[in-house]
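Predicted, not measured: the structure shown is a model, and the values here were computed from it. The chains referred to below are lettered A, B, ... by the order of the sequence lines, with proteins before strands, and numbering in each begins at 1.
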2 protein chains.
Amino acid sequence: MIKNTEFIDKLRLSGLRPTKQRLKICEVLFNREKTFHFTINDLAKSISEQLNEKISLATVYNTVHAFKDKGYLKEISINSDKSYFDTNISNHHHFFDEDTNQLIDCHEDDIEKINIKRNITGKKIKSVEVLIKVASDNQNQN
Amino acid sequence: MIKNTEFIDKLRLSGLRPTKQRLKICEVLFNREKTFHFTINDLAKSISEQLNEKISLATVYNTVHAFKDKGYLKEISINSDKSYFDTNISNHHHFFDEDTNQLIDCHEDDIEKINIKRNITGKKIKSVEVLIKVASDNQNQN
DNA sequence: AACTACATTATAATTGTTCTAAACTGTTGA
DNA sequence: TCAACAGTTTAGAACAATTATAATGTAGTT
């Protein structure tokens with residue numbers, strides 16, 4: 001259980017005012033054991049369910065983007081339907097279950113280190129993301 | 001230069017009627033040396049430029065999806081702005097240049113084989129995609 | 001030629017996301 | 001303590017990508 005003051009410090013440190021809404025969103029996002037993979041809609045739903053309170057959708061978008069920019073969240077590229085975010089900001093990869101639309105973290109040992117032997121001239125590698133799509137045996141390949 | 005009859009056969013073989021529109025789209029997509037990475041908008045633009053003819057946007061969407069379902073195109077997950085497609089349907093990975101929004105194919109030797117050591121119970125791996133985001137040195141990480 | 005199922009089309013509808021402008025609130029410092 | 005200001009929240013409008021609709025057109029078969 002992370003204390004509210006910790007969130008306040010965290011926000012202040014990164015130049016974000018610790019508003020009521022942001023603190024509530026911190027609670028929902030970071031007060032949990034496992035990492036949380038979510039879409040904006042999932043998050044909005046969690047907020048209204050867990051806190052029985054409504055935060056404007058615009059604020060949820062603003063806050064998630066602010067948190068992403070500050071490095072508290074990672075955005076994950078899965079498909080173009082919607083944006084997925086991850087509270088696990090460490091360098092890691094994902095399984096994506098096409099049957100349930102669930103993301104699952106890859107652990108360090110689940111996948112061998114990716115070894116890239118070419119580089120694009122004048123460019124620097126910003127990130128390397130591996131997405132492993134899985135589905136029940138009887139499903140078609142997408 | 002691929003002949004029209006080949007496209008007709010290709011379409012018929014997969015149970016798609018070779019309509020004027022589909023043949024034109026085939027021309028634009030498959031009558032080129034290099035692989036083509038595109039969004040629906042890119043394609044619609046290419047069609048009107050190369051063929052000086054307009055195909056309804058709905059048809060472009062329908063056709064691209066039909067081609068994808070038949071395995072003639074691959075969809076690539078980059079971000080949630082829009083869908084990207086690839087005429088290279090072989091198993092390969094991508095660089096994505098964040099400065100120009102351009103996709104670049106990884107060749108077989110650019111990246112070592114991905115070795116996945118875990119599997120999700122009851123699930124089968126459908127695809128493994130690696131996306132390497134690059135940008136000029138002076139850009140921020142996204 | 002006529003029938004039928006499949007395709008195309010323009011347009012409406014939908015969805016996820018961003019923008020806007022007004023109201024509100026944390027912070028600073030007098 | 002309180003005024004002032006910049007940063008924040010908000011509802012709703014606007015927007016862009018995509019999908020649905022329903023009428024019209026066309027390929028393939030008889």
Side-chain angles (χ1 to χ4, degrees), chain A residues 4-5 7-28 37-48 51 53-70 72-73 75-85 101 142, chain B residues 4-5 7-28 37-48 51 53-70 72-73 75-85 101 142:
Chain A
N4 229 280
T5 56
F7 292 138
I8 292 178
D9 292 346
K10 185 173 177 167
L11 288 169
R12 281 231 181 80
L13 266 168
S14 44
L16 297 172
R17 282 191 188 164
T19 63
K20 276 200 294 283
Q21 292 85 344
R22 284 176 179 161
L23 288 171
K24 282 181 202 307
I25 292 173
C26 277
E27 256 182 73
V28 174
H37 294 120
F38 63 96
T39 65
I40 297 286
N41 243 305
D42 296 335
L43 178 54
K45 210 168 149 195
S46 289
I47 292 165
S48 61
L51 309 177
E53 192 149 352
K54 199 189 158 283
I55 294 180
S56 163
L57 236 203
T59 302
V60 181
Y61 272 96
N62 288 342
T63 304
V64 166
H65 285 137
F67 285 6
K68 181 192 150 194
D69 293 344
K70 296 299 178 183
Y72 303 146
L73 292 173
E75 191 166 5
I76 303 165
S77 313
I78 293 173
N79 58 36
S80 52
D81 286 8
K82 44 181 79 95
S83 281
Y84 281 75
F85 295 89
N101 275 25
N142 135 278
Chain B
N4 228 282
T5 55
F7 292 138
I8 293 178
D9 292 348
K10 185 174 177 167
L11 288 169
R12 282 230 182 79
L13 267 168
S14 44
L16 297 172
R17 283 191 186 162
T19 62
K20 275 199 296 284
Q21 292 85 342
R22 282 175 179 162
L23 288 170
K24 283 181 201 306
I25 292 173
C26 278
E27 255 181 74
V28 174
H37 295 120
F38 63 97
T39 64
I40 296 287
N41 243 303
D42 296 335
L43 179 54
K45 210 169 149 194
S46 289
I47 291 164
S48 60
L51 308 177
E53 193 150 352
K54 198 189 160 283
I55 295 179
S56 164
L57 237 202
T59 303
V60 180
Y61 271 97
N62 288 342
T63 305
V64 166
H65 284 138
F67 285 5
K68 181 194 150 192
D69 292 345
K70 296 299 180 185
Y72 302 144
L73 292 173
E75 191 166 5
I76 303 165
S77 314
I78 293 172
N79 57 38
S80 51
D81 286 7
K82 43 181 80 95
S83 279
Y84 282 76
F85 295 89
N101 274 26
N142 135 279

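Contact between the side-chain N/O atoms of B:H65 and the OP1/OP2 oxygens of D:dT19 is found at a separation under 4.0 Å. Between A:Y61 and C:dT18 there is no side-chain N or O to OP1 or OP2 distance below 4.0 Å. Between B:R22 and D:dA27 there is no side-chain polar atom (N or O) within less than 4.0 angstrom of OP1 or OP2. Checking the phosphate oxygens (OP1, OP2) of C:dT9, no side-chain nitrogen or oxygen of B:K54 falls inside 4.0 Å. Using a 4.0 Å cut-off, no side-chain N or O of B:R17 falls inside it from OP1 or OP2 of C:dT8. Dashed line: the shortest gap from a side-chain N or O of B:T19 to OP1 or OP2 of C:dT8 is under 4.0 Å. Contact annotation: A:S56 reaches the phosphate of D:dA11 (side-chain N/O to OP1 or OP2, under 4.0 Å). Residue A:Q21 places at least one side-chain N or O closer than 4.0 Å to OP1 or OP2 of D:dT10.
The residue among A:P18 and B:L57 whose nearest nucleotide of DNA chain C lies closer to the 5′ end is B:L57.
Note: CG (A:N41) to P (C:dT18) measures 13 Å, nearest angstrom. With rounding to whole Å, A:N62 atom CG is found 19 Å from D:dA6 atom P.
If you check every strand for non-hydrogen atoms under 4.0 Å, B:T59 touches a base. Across all strands shown, B:D81 has heavy atoms under 4.0 Å from sugar-phosphate atoms exclusively, and none from any base. In this structure, B:S83 reaches the sugar-phosphate backbone alone: every heavy-atom distance under 4.0 Å involves primed, P, OP1 or OP2 atoms, never a base.
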> Is there a side chain to side chain contact (heavy atoms under 4.5 Å, CB included) between A:F85 and A:I76 once you walk through the steps?
Replying inline: CA-CA 6 Å; A:F85 295 89; A:I76 303 165; over 6 Å; no
